[in-house]
Amino acid sequence: MVDLADPDRDHVDLLWFPTGGGKTEAYLGLTAFQILYRRLTDAARRHEGGVDVLMRYTLRLLTVQQFQRAAALICACEAIRIERKDLGEAPISLGLYVGGDATPNRVSKALEALDLEHDGQKPKSTPRQLLECPVCGSRLDADCYERAPDDAGIDIRCPNEVCATGGKPLPVMTVDDFIYNAPPSLLIGTIDKFAQLPRRNDIRALFGLDGGLRPGLIVQDELHLISGPLGSIAGLYETVVDLLCTDDGIRPKVIGSTATIGQARRQVRALFDRPVLQFPPSGFEAADSFFAVRDKDGPDRLYVGLCSAGRSPKFALQAAAAALLQGIGHLVNVGADPALADPFWTAVLYFNSLRELGGAHVLLQDDIPRQIAFLASRLGGGARVLETDAIELSSRVSSRDLPDFLAQLGNPLTDGSDPFEPEPRDAVLASNMISVGVDVSRLGLMLVNGQPKSTAEYIQASSRVGRGIDGLVMTLYNFGRPRDVSHFEHFLTYHGALYRSVEATSVTPWAPRARDKALHAVIVAAVRHLSHGMDGDEDAVDFDAKAEDVRLLIAAIRQRADTASEGIEAEAAAEDIDAIVEEWAWRGAGARAAGTDLLYWKRPAPFGKTRPYLMTSAEEGGQPGTLAWITPNSMREVEPSTAFVLKSISRRP
């Protein structure tokens, strides 16, 4: 990080640690080092600020929770800056950079959502993403979020009068417009947001392209998730991100983090076009690598396999769930210590599909309570009464509810002496949304309904419980599925070497279909932001393929296609690049001849007219007669919607 000429700087350092091993703490520590070191050694950074670290995730639940954890770090760094006199005047701040479904991206919508929050209503998305003060832990309700003077931002103030913040606003931003106006030291976002690179001009501020300083560190957590179609498109856009962060030929440092990965060298080469170094390196034995030693006397996680032979999967699920829920409830009723019972009070029910998860809602309201009553009669005690609205963590849940759900899961089981103490939740119905990065330390019980599709997902999901405490994972196998039966029959062998079975992922950024979807966006983004005089919304008409800076950018993209694909797609990618450049030059010449502009992105004009444009949203699809490139707004699979009308036809008898 310090020696920019060190040859190891170009490597991707991959933290490969078991889940719960401290990867987040490791790269948050490195983040603090990067921010404070640059403040001490760079006068411009002290005066102007800017983005020091880009931290990217793939899932919104993961992004929101890691944002809450990083807030404590940034508040500590800002407190150090205020205390010392040599870290500059620019605040050390944190920004949450996610889609509009989670937090409003525009100022007007953010202030409107804030007004609704103050009125006790629930907007679809909200800038209120921190529910607890990262300094003292006090509850941050809607009244703690207020408009800054002249609507220049949203101030978040802790209500605790003795909090170390002293009543000053927290250095946290959750709205895109405010982030562009004052780029934060640490920017945490979803990887999908960087699909906006060819579309938006104000995103330049994040990369210091108008006189600021470039980000020096990129942290890619949960690297194994950057695979498949998402990884292929992300690998293309990574070409632009790398170019935008490169300063005087010095590329940013890249840190990867994962607990489950196979063939990391190929994946890292395809994504980042760099070699990889794994940390910690292998030791002489698995239990001691010098950097990590297995704690033989510490908490452990017990896996139990249960097969539904002779019973329907539905009956097996409700019987197993009822036994787990009533079992711990009975122990508490007969006098068990609530502190010891707390890890097993909230059951996490994990499902491999939304269809199965949806059916579990009905089970929790009907079949499972009946089974609990039966078990209670056999045990000679009272039946545990379940809540009627179990928490669901899946893609069907609104982003605005996720922070509150995570906070509720942290409520511990108590002796009930304090009537104002919040009750712990009974059950959580979860899809693979929960399987990555979610860290609720009190959870210790999980029921996995069916063997997940991959070993990596199984490891990640089951590791959400038993983090620092003893945990119990019960895997319920469907006897009607041969794959489940095979896992049940080889249960001990499989779990005895679980990490050995992790599957390799596929990342092919320069494959033909990936190039069809996004190669033009990569070229446009690179030229728009790094070629002189091309950054304005209407400057696409001025494209000159023979300009020196354009030729250098095209050459860099060609070189990346060659090395990242290890020569396999070099020739075909070069042909596609030439075709895109030629078409852009032709369309620009046509617009100049017609005396009109050429917009980068489709934009409505007054009186219903639309000026010529280079790209249009993939959600809209191609319009007949237009030459615009169909460009994704996300790095995931995007298809245009089809409108239809359902008409009721009455028939006479």
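At distances below 3.5 Å, not a single donor-acceptor pair connects side-chain atoms of Gln68 with backbone N or O atoms of Leu130. The backbone N or O of Asp52 sits nowhere less than 3.5 Å from a side-chain atom of Ser185 that would complete a donor-acceptor pair. Looking at Arg214, its side chain does come within 3.5 Å of a backbone N or O of Thr246 through a donor-acceptor pair. Not one N or O on the side chain of Gln66 forms a donor-acceptor pair closer than 3.5 Å with the backbone of Tyr57. Arg81 places no side-chain N or O within donor-acceptor distance of the main-chain N or O of Cys77, the cut-off being under 3.5 Å.
Two residues are said to be in side-chain contact when any heavy atoms from C-beta on lie closer than 4.5 Å; Leu197 and Val241 meet this criterion. Contact of the Cys158 side chain with the Val135 side chain is not registered, since no non-hydrogen atoms from C-beta on lie closer than 4.5 Å. Contact of the Ile92 side chain with the Leu36 side chain is registered, since non-hydrogen atoms from C-beta on lie closer than 4.5 Å. Counting only heavy atoms from C-beta outward, the side chains of Leu209 and Leu244 approach each other to under 4.5 Å. Counting only heavy atoms from C-beta outward, the side chains of Val428 and Phe405 never approach each other to under 4.5 Å. With a 4.5 Å cut-off on side-chain heavy atoms, Pro159 and Leu140 count as touching. Residues Leu40 and Arg84 have side chains in contact (heavy-atom distance under 4.5 Å, counting atoms from C-beta outward).
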May I have the step-by-step check of side chain to side chain contact (heavy atoms under 4.5 Å, CB included) for Glu238 and Val254, ending in yes or no? CA-CA 12 Å; Glu238 197 63 32; Val254 178; 5.7 Å; no
Working note: Tyr180 + Tyr97, criterion side-chain hydrogen bond (donor to acceptor under 3.5 Å, both in side chains); need CA distance, chi angles, decisive distance, verdict. CA-CA 10 Å; Tyr180 295 141; Tyr97 193 55; 2.8 Å; yes
For Val172 and Gln129, run side chain to side chain contact (heavy atoms under 4.5 Å, CB included): C-alpha distance rounded to whole Å, both residues' side-chain angles, the deciding distance at 0.1 Å, then the answer. CA-CA 10 Å; Val172 173; Gln129 296 294 323; over 6 Å; no
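Nearest heavy atom pair, residue Gly466 against residue Arg301, reads O-NH2, 3.4 Å.
By the 4.0 Å N-to-carboxylate-O rule, Lys23 lies too far from Glu222 to be salt-bridged with it. Here Lys168 does not pair with Glu78 in a salt bridge; the nearest charged N to carboxylate O distance is not below 4.0 Å.
For Asp8, the side chain to side chain contact (heavy atoms under 4.5 Å, CB included) partners at least two apart in sequence or on another chain are Asp6, His11, Leu277. Under the salt bridge (charged side-chain N to carboxylate O under 4.0 Å, His left out) criterion, Glu503 pairs with no residue, sequence neighbours left out. With sequence neighbours left out, Tyr494 forms a ring pair (Phe, Tyr, Trp, His ring centres under 6.0 Å) with His487. Scanning for side chain to side chain donor-acceptor pair (under 3.5 Å) contacts around Ser93 gives an empty result, with sequence neighbours left out.
Applying the side-chain hydrogen bond (donor to acceptor under 3.5 Å, both in side chains) definition to pairs two or more places apart or across chains, those involving residues 248-259 are Asp10-Arg251, Asp13-Lys253, Asp221-Ser257, His224-Thr258, Asp242-Arg251. Among residue pairs with one or both ends in residues 258-283, those qualifying as ring pair (Phe, Tyr, Trp, His ring centres under 6.0 Å) are Phe279-Phe291; sequence neighbours excluded.
No more than 12 heavy atoms of other residues, nucleotides or ligands sit less than 6.0 Å from atom CZ of Arg266.
With rounding to the nearest 0.5 angstrom, the CZ atom of Phe67 is 10.5 Å from the CG atom of Leu187.
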